[in-house]
2 protein chains.
Amino acid sequence: MTQTNEHCNAAETLQGAGLSQTTQRMAVLEIIIKADGPLSAADILNRTDPKQKINKVTIYRILSSFKERRIIRELPTDQGMNLYEMACRHNPIHPHFYCKTCRIMSCLPPLTLSQAMDWFAGSNAFRIDDVHVNLSGVCRRCRE
Amino acid sequence: MTQTNEHCNAAETLQGAGLSQTTQRMAVLEIIIKADGPLSAADILNRTDPKQKINKVTIYRILSSFKERRIIRELPTDQGMNLYEMACRHNPIHPHFYCKTCRIMSCLPPLTLSQAMDWFAGSNAFRIDDVHVNLSGVCRRCRE
DNA sequence: AATTGGTTTGCAATTGAGTTGCACTTAATG
DNA sequence: CATTAAGTGCAACTCAATTGCAAACCAATT
């Protein structure tokens, strides 16, 4: 499964989120929109125009503001880094598969967990070693 | 939901995994067994006997060998660190809830994802901001 | 056009989780 | 006990991510 973000427009997305259209924000957002899977901050840096290299701090700050405004989703890995993907209406929440060897994270169909597990049990596309399901937010005690 | 590891025995677990029963491995495993939720490496270090502080490198190496032998599961967070929980038969794979404010990860009932979402929609125990589902292992291309 | 003030960016330095190399110590076995 | 491989501690290091601060940019006035 590849991401289906072709419909997302960088300029409109920024405007809709109330963010000004700076060169750097546009560049980062377009890289994420064009990606065929979740990217790390380093991946994004590598894909920026070499003639106008964006500082890595700027990339982290842009990712942070995009995440805050729910333009993108942040996907933690057990390799000590986060990956990012579009969170637009064309790309609903879905499971991912992370290959420990090539370190590429691929998107899976937006099935329920049980459906996904059944599907995988019947396929031999991947060897599944770990399953992580994590919800995050604020617990009742912290909301009071 | 609290972990139900009371039935796990540290010495037996190590023996079953073919690991020798060193003081440090026993201490780390007992801390994880007694925990009421996933712990970070730092959490474990803090809970070791102050009179026999275990080196942090040792803790990382122990966690790594436990993970490799599937004694524990590793749970990535978006805070740049991993948490660990027992992977024994008394503690099957289940979803987690991570509170971004108090930074405590709690275990949820081992429902399917869709059941869990329905359950949460009807409760007001947590405010859910993010849902992550991640499978990891080795993809077909890397297996060849 | 120049001024102002807030936002954004770049750079250098820092933090903190996790790792590595190597010497020392310990546990399992004979 | 004695041997030896396995395990541990310490110091130094790696690398993703963050912080502080100064410079650059941008929009909206005078």
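Below, chain A is the first sequence line, B the second, and so on; all start at residue 1.
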Just checking B:Thr23: base, sugar-phosphate only, or nothing, at a heavy-atom cut-off of under 4.0 Å?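 Touches sugar-phosphate only.
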
So if I take every side-chain heavy atom of [X] and compare against [options], which nucleotide ends up nearest?
X	options	value
B:Val57	C:dT20, D:dG7, D:dG9	C:dT20
B:Arg25	D:dC10, C:dG10, D:dG7	D:dG7
A:Tyr60	D:dG9, C:dT19, D:dA16	D:dA16
B:Thr22	D:dC10, C:dA13, D:dG7	D:dG7
B:Ile62	D:dT8, D:dG9, D:dA16	D:dT8
A:Lys56	C:dT8, D:dA17, C:dA28	D:dA17
A:Thr58	D:dA12, C:dT9, D:dA17	C:dT9

Just to confirm, is there a sub-4.0 Å distance from OP1 or OP2 of D:dG9 to any side-chain nitrogen or oxygen of B:Gln24?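 Yes, such a contact exists.
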
May I ask you to verify if any side-chain N or O of B:Asn82 is less than 4.0 angstrom from the OP1 or OP2 atom of C:dA17?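 Answer is no, no contact under 4.0 Å.
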
Ignoring hydrogens and geometry beyond distance, is the side chain of B:Arg61 in donor-acceptor contact with the base of D:dG9 at under 3.5 Å?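 Flag set: donor-acceptor pair detected.
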
Return the value, rounded to whole Å, for the distance between atom CG of A:Leu19 and atom P of C:dT8.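 Atom-to-atom, A:Leu19 to C:dT8, this comes out as 7 Å.
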
